[in-house]
Amino acid sequence: MAVLTKGSGKGGGILEKPVIEKATPGRESEFDLKKSRKTAPPYRVILHNDNYNKREYVVQVLMKVIPGMTLDNAVNIMQEAHHNGMSVVIICAQADAEDHCMQLRGNGLLSSIEPAGGGC
């Protein structure tokens, strides 16, 4: 913003209307760019132990529902949930976490989500 004065000497000048520079249409400001770079906070998908599903079935569902889930990882997650009462299945964006949780529940498993807090 530029402000010009009319008059000579000390003080007493008349201020002209300030000139406000307009941003180029379609161009984001630096603030907008920084804001858009921030990502949604990650969420944990948690598998809870139950007394209804067989271990093999839990492993099969994990491999079916979670993209990239290997047999070894699915077995480890199932074992941890069995021994500790719960296990983190995956950490991902909230929308994906909600989707995974609903798919696990839709296959008869107990699951929930929670904010991951400190990140991945």
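The hydrophobic cluster containing Leu110, built from Ile/Leu/Val/Met/Phe/Trp/Tyr side-chain heavy atoms closer than 4.5 Å, comprises no other residue. Membership of the apolar cluster around Met86 extends to Ile46, as traced through chained side-chain contacts below 4.5 Å between ILVMFWY residues.
Residue Leu47 holds its CG atom at 11.5 Å from CG of Asn84, rounded to the nearest 0.5 Å.
Evaluation of the side-chain hydrogen bond (donor to acceptor under 3.5 Å, both in side chains) rule for Ser111 yields no partner, not counting sequence neighbours. With sequence neighbours excluded, the residues that form a side-chain contact (heavy atoms from CB on, under 4.5 Å) with Gln103 are Val65, Asp99. For Met63, the side-chain contact (heavy atoms from CB on, under 4.5 Å) criterion is met by Val59, Met69, Leu71, Ala74, not counting sequence neighbours. Shown here are the side-chain contact (heavy atoms from CB on, under 4.5 Å) partners of Ala97, two or more places apart in sequence or in another chain: Tyr43, Val45, Cys92, Ile113. For His82, the side-chain contact (heavy atoms from CB on, under 4.5 Å) test picks out Asn49, Arg55, with sequence neighbours left out.
Listed by first then second residue, pairs satisfying side-chain hydrogen bond (donor to acceptor under 3.5 Å, both in side chains) with a partner in residues 59-73 read Lys64-Asn107, Thr70-Asn73, not counting sequence neighbours. Applying the salt bridge (Lys or Arg N to Asp or Glu O under 4.0 Å) test to pairs two or more places apart or on separate chains, those with a residue in residues 106-116 are Arg44-Glu114.
Hydrophobic cluster membership is shared by Tyr57 and Ile77, with clusters built from Ile, Leu, Val, Met, Phe, Trp and Tyr side chains linked at under 4.5 angstrom.
Side-chain contact between His100 and Val89 is absent, with no heavy-atom pair separated by less than 4.5 Å.
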If you apply the rule side chain to side chain contact (heavy atoms under 4.5 Å, CB included), what do you find for Gln79 with Val75, and how did you get there? CA-CA 6 Å; Gln79 290 283 33; Val75 169; 4.2 Å; yes
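The two residues Ser112 and His48 have their closest heavy-atom pair at OG-NE2, 2.7 Å.
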